[in-house]
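Atoms within a ligand are numbered from 1 in the order they appear, just like the ligands themselves. The residues of the chain are indexed from 1 along the displayed sequence. From a predicted model like this one, the values you see are computed outputs, not experimental measurements.
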Amino acid sequence: MAKKNLISVLDMKDEWPDLVELSVKLKAERGNHGAPLKGKTLAMMFEKPSTRTRISFDVAMTELGGHALYIDIPSMQMGHGETVEDTAKVMSRFVHAIMYRAFDYKIMDKVGDSATIPVISGLDNLEHPCQALADMLTVKEKKGSFRGRKLVYLGDGNNVCNSLLYASAIVGLDMVACCPATRMPNAEIMLNASRIADANGSSISASHNPLEACKDADILYTDTWVSMGDETPVEKAVKIFQMYQINDDLLALAKPDCIVMHCLPAHRGQEITAEVMDGPQSVVFDQAENRLHAQKAVLYTLLR
Ligand code: CP
Ligand code: NVA
């Protein structure tokens, strides 16, 4: 296929349902993929730390018969003055795709526009599309279907929340972004996602009231209150977000078979209590594993 990026979920809106299905298939077929990406190299470039994204992309390439190259950006010439554009053009002559983790989505877009090979976001301050794909795989395997299911995201309206809004709208989940008024998701993304949901017969809504929002939820989802690059002091974040913590009281308002999700890394005692995080309704480690399967689907689709 022609070069395509996955920087926003919307970049692969049309392919998204197929990506979810392919993730399910690749998970079932783990160990029996053959080597569809033989001879292909993925450069993984990080401006900030990572456990899941780094390792799951590396393992995904290995298990698909290809190779992954970890690059710590400060050790490149780019960390010492070479432009992002020149770096992306040069990389395009060596490797077959770039996975990039950026502080600023504007840099991510520069990489995406300058590279002549696919650029996959490993997170920026606006979105985290690969996380959202793994999340859809997780909902699909735990709940069987998307239609009529209610996902409530609690806490900071951040990159993870923004991509979840798009992903939920595309697959037909009903999503509530339950966040403080000062920390709502990106307004343009909220609007776009609502339009997609409207056309799709599902709903995207906002709430500031967790006690209302969590009623009859099928999925409760949270993320850190202080994302990488956010300079809000933890003590201040605790005050802003305390009532949005996923704890036994909020979970009791949801459906009895409600699952609890978190993209990780988690902060027990802040956005989620240890009881809930380590309790029977938590699916966070299956969710983490699903990064591997979902990213294989992305790599397979973009690199074959
Ligand atoms: N969820 C996620 O992207 O985790 P890492 O920061 O460890 O990659
Ligand atoms: N919102 C978090 C996600 C980490 C995977 C962050 O950007 O730090």
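Heavy-atom proximity to Asn158, at under 4.0 Å, picks out these atoms of ligand 2: 1 (N). Per-residue contacts place Leu264 under 4.0 angstrom from the following atoms of ligand 2 (heavy atoms of the residue considered): 5 (C).
Distance CG/Asn125 to CG/Asp104: 5.5 Å, rounded to 0.5 Å. Note: Ile117 CD1 to Lys89 NZ = 13.5 Å, rounded to the nearest 0.5 Å.
Looking at Asn158 and Tyr153, their side chains do bring a donor and an acceptor atom within 3.5 Å of each other. Judged purely by distance below 3.5 Å, without hydrogens or angles, the side chains of Ser56 and Gln295 pair a donor atom with an acceptor atom.
Between Asp223 and ligand 2, a contact under 3.5 Å exists for at least one N or O pair. The shortest N/O to N/O separation between Met228 and ligand 2 falls below 3.5 Å. Backbone and side-chain nitrogen or oxygen atoms of Asn159 are examined, and one is located within less than 3.5 angstrom of a nitrogen or oxygen of ligand 2. Of the polar atoms of Thr224, none of the N or O atoms is found under 3.5 Å from an N or O of ligand 2, judged by distance alone.
Taking the six-membered ring where the residue is Trp, Trp225 and Phe241 present parallel rings, their angle staying beneath 30° rather than reaching 60°.
Between Met175 and Ser202, the closest side-chain pair of non-hydrogen atoms is not below 4.5 Å. Looking only at side-chain heavy atoms (C-beta outward), Ile189 and Glu127 come within less than 4.5 Å of each other.
When hydrophobic clusters are built by joining Ile, Leu, Val, Met, Phe, Trp and Tyr residues whose side-chain heavy atoms come closer than 4.5 Å, directly or via intermediates, Met12 is grouped together with Leu64.
The contact shell of ligand 1, taken as protein residues with any non-hydrogen atom closer than 4.0 angstrom, comprises Ser50, Thr51, Arg52, Thr53, Arg101, His128, Gln131, Cys263, Leu264, Arg291.
At the shortest separation from atom 4 (C) of ligand 2 among protein heavy atoms lies Leu123 CD1, 3.8 Å.
Listed by chain and number, the hydrophobic cluster partners of Val59 are Ile55, Leu292, where partners are ILVMFWY side chains within reach of under 4.5 Å, directly or through others.
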